[in-house]
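What follows is a set of notes on a single structure, which appears directly below.
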2 protein chains.
Amino acid sequence: MQVAAQGGASEGGGGLTKRQGTVLERALGLLVEGGERALTTAGVARAANCSKESLYKWFGDRDGLLSAMIAYQAGKVRTVEVEAETLTAERLRLHLVAFARDLIDVLSGDVSLALNRLAIGQASREGAKLGRLLQERGRRQIGRRAAALLEAGRKAGLIAFDSAEETYGTLYGLIVSDMHLRMLLGEDTGALRQEFTPRAEKAVDAFLRLYGVKG
Amino acid sequence: MQVAAQGGASEGGGGLTKRQGTVLERALGLLVEGGERALTTAGVARAANCSKESLYKWFGDRDGLLSAMIAYQAGKVRTVEVEAETLTAERLRLHLVAFARDLIDVLSGDVSLALNRLAIGQASREGAKLGRLLQERGRRQIGRRAAALLEAGRKAGLIAFDSAEETYGTLYGLIVSDMHLRMLLGEDTGALRQEFTPRAEKAVDAFLRLYGVKG
DNA sequence: CCTTATGCGTACCGTACGGTACGGTTCGGA
DNA sequence: TCCGAACCGTACCGTACGGTACGCATAAGG
């Protein structure tokens with residue numbers, strides 16, 4: 001502790017200092033552990049060994065803290081760009097299965113679930129600002145990876161579709177179904193986690209049956 | 001006002017009086033309007049012209065009130081049983097599209113969204129009791145209708161599948177995709193609502209391409 | 001050594017909520 | 001007519017939270 005690094009210099013990824021990053025990390029930990037009720041300003045200050053006054057100076061108010069938490073967490077997820085290799089049917093399938101696994105893993109993560117619960121809980125408040133933020137930072141990111149993958153498959157003549165957006169929607173639905181909602185509602189993720197790999201494979205199989213060329 | 005109807009007699013659907021039903025109706029209105037923050041015991045009492053003491057007598061505590069709201073709302077949804085008529089491919093398709101439309105309509109309803117947000121917000125609290133209740137009363141009900149429909153289609157030799165549960169999961173994913181989550185996060189339902197019918201038809205088409213026999 | 005900035009820890013304030021208690025009132029039944 | 005049960009409206013209590021203010025410690029810079 002006492003590493004400090006204040007003053008506006010030594011900024012990390014998104015315009016905030018390392019100290020502020022660790023504070024957000026602690027706040028995320030509190031959120032995961034006890035939900036929104038546990039995410040009080042006093043609690044964050046205590047858990048992060050900082051003062052409430054600093055919290056308000058850094059993040060403005062409680063909502064600013066929540067937004068910063070979402071932005072911070074989203075900034076940690078880096079999408080893996082798929083290089084334009086020569087795709088075969090089998091390689092495309094493997095890439096799709098890997099994407100499906102990654103998608104499921106992200107959605108079932110503790111922090112992701114906690115942040116989604118938080119944003120959903122605030123949806124009827126102040127124009128769903130957190131929800132839009134989560135949507136923008138989260139879905140857009142992983143959607144881009146999917147779009148690139150689908151486009152590569154189309155260029156290789158392995159799959160055919162009109163709208164990439166709509167096709168991605170179908171792929172998403174086949175992979176996720178209502179699993180995300182069930183986890184958000186509190187269903188034990190441990191029991192579901194064992195089914196992740198076969199689920200991903202079945203979803204991709206169905207997807208390729210729908211969009212695959214001569215399949 | 002002053003209609004009363006007290007005393008334990010004149011019970012309605014689920015073991016509660018008409019008076020209590022109207023109270024729950026008012027509470028649901030408050031929840032839809034302002035989210036969980038607006039659902040205070042004093043607010044419900046004021047909106048329903050009853051006393052807080054009566055609320056606690058009838059529902060125990062705040063959680064009891066929330067559970068009663070979910071049970072009450074779930075009790076209003078009646079699943080339409082499909083009679084075992086002779087199914088043709090076209091009739092099955094029409095039934096599936098009707099089911100898809102109904103599913104989308106239910107999920108996009110104000111009260112449904114508000115209750116789902118409520119249950120999700122409470123998911124990290126006391127073992128996700130509300131989430132399980134919502135799951136039990138909501139999904140099971142509409143899932144039964146889907147299962148009956150799928151079974152009828154299979155018996156008529158129009159579709160083929162192994163697990164009805166898994167097949168229903170696929171159908172659900174094709175219909176809903178991430179639309180439910182987006183609405184829960186606060187995305188405007190008006191913009192999405194225009195796309196409901198084509199979405200339902202496309203989903204059913206894809207489903208029949210996956211599971212339809214010869215065709 | 002002095003000054004200034006930054007931030008921790010704590011105390012404080014106003015508010016709002018869950019839950020309880022009580023007086024007054026209405027209504028059904030004897 | 002009287003009794004008791006249910007109930008409304010309101011007041012009340014304890015607590016917890018968001019946000020602010022203050023005193024003190026620490027460290028950089030002249």
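Letters A, B, ... mirror the listed sequences (proteins, then strands); counts begin at 1.
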Distance in angstrom units between [X] [atom1] and [N] [atom2], rounded:
X      : N      : atom1 : atom2 : value
B:L39  : C:dG18 : CG    : C1'   : 12 Å
B:Y56  : D:dT10 : OH    : C1'   : 15 Å
A:R62  : D:dC17 : CZ    : P     : 10 Å
B:Q122 : C:dG18 : CD    : P     : 11 Å
A:L55  : C:dG9  : CG    : C1'   : 13 Å
A:R19  : C:dA5  : CZ    : P     : 21 Å
A:K57  : D:dG19 : NZ    : C1'   : 15 Å
A:L30  : D:dC17 : CG    : C1'   : 15 Å

Residues in salt bridge (charged side-chain N to carboxylate O under 4.0 Å, His left out) contact with [X], at least two apart in sequence or another chain:
X      : value
A:D110 : none
B:E33  : none
A:D61  : none
A:R125 : none

If you draw a 6.0 Å radius around CZ in A:R37, do more than 12 non-hydrogen atoms from other residues or ligands fall strictly inside?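 No - once you tally the heavy atoms of other residues, nucleotides and ligands closer than 6.0 Å, there are 12 at most.
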
Residue met sooner reading DNA chain D from 5', once A:T41 and B:S54 are mapped to nucleotides: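 Its nearest nucleotide lies further toward 5', so the answer is B:S54.
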
Would one find a side-chain N or O of B:W58 under 4.0 angstrom from OP1 or OP2 of D:dA6?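 For D:dA6, OP1/OP2 do not have a side-chain N/O of B:W58 under 4.0 Å.
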
Find every protein N or O atom lying less than 3.5 Å from an N or O atom of nucleotides 21-28 of chain D, and list the pairs.
unit_1, atom_1, unit_2, atom_2, d
D:dC22, N4, A:E53, OE1, 2.3

With A:A128, which residues qualify under side-chain contact (heavy atoms from CB on, under 4.5 Å), at least two apart?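 Not a single residue meets the side-chain contact (heavy atoms from CB on, under 4.5 Å) criterion with A:A128.
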
Identify, with sequence neighbours excluded, every residue that meets side-chain contact (heavy atoms from CB on, under 4.5 Å) alongside B:E25.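 side-chain contact (heavy atoms from CB on, under 4.5 Å) list for B:E25, sorted by chain: B:Y72, B:K76.
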
Anything under 3.5 Å between a protein N or O and an N or O of nucleotides 14-16 of chain D, put it in a table, one pair a line.
none

Extract all donor-acceptor atom pairs below 3.5 Å that involve side chains of residues 171-185 of chain B and protein atoms in other chains or at least two apart in sequence.
unit_1, atom_1, unit_2, atom_2, d
B:S177, OG, A:G169, O, 2.8
B:D178, OD1, B:R182, NH1, 3.3
B:D178, OD2, A:R139, NE, 2.5
B:D178, OD2, A:R139, NH2, 3.1
B:R182, NE, B:E187, OE1, 3.4
B:R182, NE, B:E187, OE2, 3.3
B:R182, NH2, B:E187, OE2, 3.2

Against the six-membered ring of B:F99, is B:R145 placed for a cation-pi contact (under 6.0 Å from the centre, within 45° of the normal)?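 No, cation not above the ring by the 6.0 Å, 45° rule.
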
